[in-house]
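Please read the structure below before turning to the comments.
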Amino acid sequence: MQKELSTVEEQMRDDEAEKSKVLERELEEMAEAMKDTKHDRESANTEKFMKVAEKREEDVQKAMEEAREETQKKLGVMQQEIEAFARSQEAEEQRVTGEAAQYAASEAK
């Protein structure tokens with residue numbers, strides 16, 4: 001009976017030791033999984049940040065292109081206004097020169 005009791009106690013100790021090893025392994029696996037999860041989360045955050053940064057860069061590039069196009073349009077309009085003003089000044093100068101010539105001719109008579 002004493003021998004059976006010793007065998008049972010020994011078996012229980014062995015079972016407890018095995019359970020401890022299993023639990024220790026499971027804890028290590030859980031810790032590793034948590035590290036992987038943290039790494040995955042950090043990677044996901046980095047990817048998300050990069051996507052947001054790329055989108056913002058695209059938005060900035062688009063806004064700059066739109067501003068450049070608008071500036072070109074305004075410059076084109078200003079150029080046309082300058083050319084029109086130059087033509088009107090030239091026409092006015094010719095008119096004044098013509099009137100002066102007529103006046104000089106009438107004074108010469």
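As a member of the Ile/Leu/Val/Met/Phe/Trp/Tyr network built from side-chain separations under 4.5 Å, Tyr103 groups with nothing else and remains a singleton.
Not counting sequence neighbours, the partners of Asp15 by the side-chain hydrogen bond (donor to acceptor under 3.5 Å, both in side chains) test are Gln11. Every residue two or more places apart in sequence or in another chain that forms a side chain to side chain contact (heavy atoms under 4.5 Å, CB included) with Phe85 is listed here: Ser88, Gln89.
Applying the salt bridge (Lys or Arg N to Asp or Glu O under 4.0 Å) test to residues at least two apart or on different chains, the pairs with a partner in residues 75-97 are Glu92-Arg95, Arg95-Glu99. Residue pairs meeting the salt bridge (Lys or Arg N to Asp or Glu O under 4.0 Å) criterion with at least one member in residues 42-56, sequence neighbours excluded: Lys55-Asp59.
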Kindly list each side-chain donor-acceptor pair under 3.5 angstrom involving residues 64-77, sequence neighbours excluded, with atom names and distances?
unit_1	atom_1	unit_2	atom_2	d
Thr71	OG1	Ala67	O	2.8

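Rounded to the nearest 0.5 Å, atoms OG (Ser106) and CD (Gln102) are 8.0 Å apart.
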